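Heads up: the structure comes next, in structure tokens.
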Amino acid sequence: MNAATAPKSRSQNRLEGFALTVLLQGFPTFAGAALLLKLAHHEIAGGVVVFVAMASIFHGLLTPWLAPRFPKFLEHSYEPLFFDASLSFVEKIEKWRAQPTTSLQLVTNVLLLSLLAVGVMSMG
């Protein structure tokens, strides 16, 4: 289908990029960090949910701003596709998933989170 789509507003595109960065990159990273802290018997001030939510939100807010300034340091934390205004929300996810490095990231996250979850549950 060659349907013409209405141009996306700049704020809507930023919101989509922010949401995708938080959910697909920040959340798994900080959930893993919280599991590591739990495994090391460290208490997280405010609780795990607050830590993961706040860290993911800060990651989503700061990464798009810092990544263009420090590309070598944040190359694995920033996905420019998430902020491409010419793509729909679903197309952004589809194109991201089609990248070879994304597959490696997803498999690594799944294995790490599974291993950490087993470790944490075996402690109690």
Side-chain angles (χ1 to χ4, degrees):
M1 277 175 136
N2 286 337
T5 58
K8 190 182 304 187
S9 72
R10 189 171 182 185
S11 60
Q12 180 185 0
N13 187 53
R14 280 188 185 168
L15 180 62
E16 288 177 357
F18 167 76
L20 290 170
T21 301
V22 167
L23 293 173
L24 299 177
Q25 292 182 322
F27 185 76
T29 300
F30 296 110
L35 279 171
L36 274 173
L37 290 171
K38 188 75 169 169
L39 194 58
H41 300 290
H42 287 287
E43 290 298 317
I44 299 173
V48 173
V49 174
V50 172
F51 167 75
V52 173
M54 294 302 293
S56 297
I57 289 169
F58 284 127
H59 174 79
L61 290 172
L62 294 177
T63 300
W65 180 66
L66 290 173
R69 290 168 175 78
F70 306 102
K72 289 189 180 196
F73 294 113
L74 297 171
E75 66 184 331
H76 300 294
S77 301
Y78 176 68
E79 182 54 62
L81 271 175
F82 292 164
F83 298 91
D84 186 349
S86 67
L87 300 173
S88 71
F89 188 78
V90 174
E91 289 173 328
K92 290 176 183 183
I93 296 171
E94 287 173 353
K95 289 191 181 283
W96 176 69
R97 284 183 27 221
Q99 296 176 358
T101 56
T102 301
S103 176
L104 180 61
Q105 285 176 336
L106 292 174
V107 169
T108 302
N109 281 339
V110 166
L111 290 174
L112 177 64
L113 291 174
S114 299
L115 181 63
L116 289 171
V118 168
V120 168
M121 288 186 289
S122 66
M123 291 174 31

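Note that the coordinates shown come from a computational prediction; the quantities given were computed from them, not determined experimentally.
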Start with the C-alpha gap between F83 and T21, add the side-chain angles, then the distance that decides, and say whether side-chain contact (heavy atoms from CB on, under 4.5 Å) holds.
CA-CA 9 Å; F83 298 91; T21 301; 3.7 Å; yes

For L115 and L111, what are the C-alpha separation, side-chain angles and deciding distance, and is it a side-chain contact (heavy atoms from CB on, under 4.5 Å)?
CA-CA 6 Å; L115 181 63; L111 290 174; over 6 Å; no

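The aromatic rings of H59 and F30 stand perpendicular to each other, their planes meeting at an angle above 60°, with 30° marking the opposite boundary.
Y78 is connected to F89 through a chain of hydrophobic side-chain contacts under 4.5 Å among Ile, Leu, Val, Met, Phe, Trp and Tyr, so both are in one cluster. No continuous path of hydrophobic side-chain contacts links L23 to L74 [ILVMFWY only; heavy atoms under 4.5 Å]. In the hydrophobic clustering of this structure, L112 does not group with V107; members are Ile, Leu, Val, Met, Phe, Trp, Tyr whose side-chain heavy atoms approach within less than 4.5 Å, directly or through other members. Criterion: ILVMFWY side-chain heavy atoms under 4.5 Å apart, direct or through other members. Under it, V52 and L37 are part of a common hydrophobic cluster.
The local environment of CZ in F18 is crowded, with over 12 non-hydrogen atoms from other residues, nucleotides or ligands closer than 6.0 Å. Environment of CD in E75: crowded, with over 12 heavy atoms of neighbouring residues, nucleotides or ligands closer than 6.0 Å.
Distance check, rounded to the nearest 0.5 Å: CG of L24 to CD1 of I93 gives 6.0 Å. Once rounded to the nearest 0.5 Å, the distance linking CZ of F51 with NZ of K38 reads 13.5 Å. To the nearest 0.5 Å, the span separating NZ on K8 from OG on S86 amounts to 8.0 Å. Atom CG of residue L62 and atom CD1 of residue I57 lie 11.5 Å apart, to the nearest 0.5 angstrom. Here the straight-line distance linking atom CG of L39 with atom OG of S122 works out to 7.5 Å at 0.5 Å rounding. Atoms CG and CZ, on L113 and F27 in that order, are 8.5 Å from each other to the nearest 0.5 Å.
Shortest non-hydrogen contact noted between P71 and P68 is CD-O, 3.8 Å. Between Q105 and H76 the shortest heavy-atom distance is NE2-O, 3.7 Å. Closest approach of T63 and S77 over heavy atoms only: CG2-O, 3.2 Å.
Residue pairs meeting the salt bridge (charged side-chain N to carboxylate O under 4.0 Å, His left out) criterion with at least one partner in residues 86-109, sequence neighbours excluded, are E16-K92.
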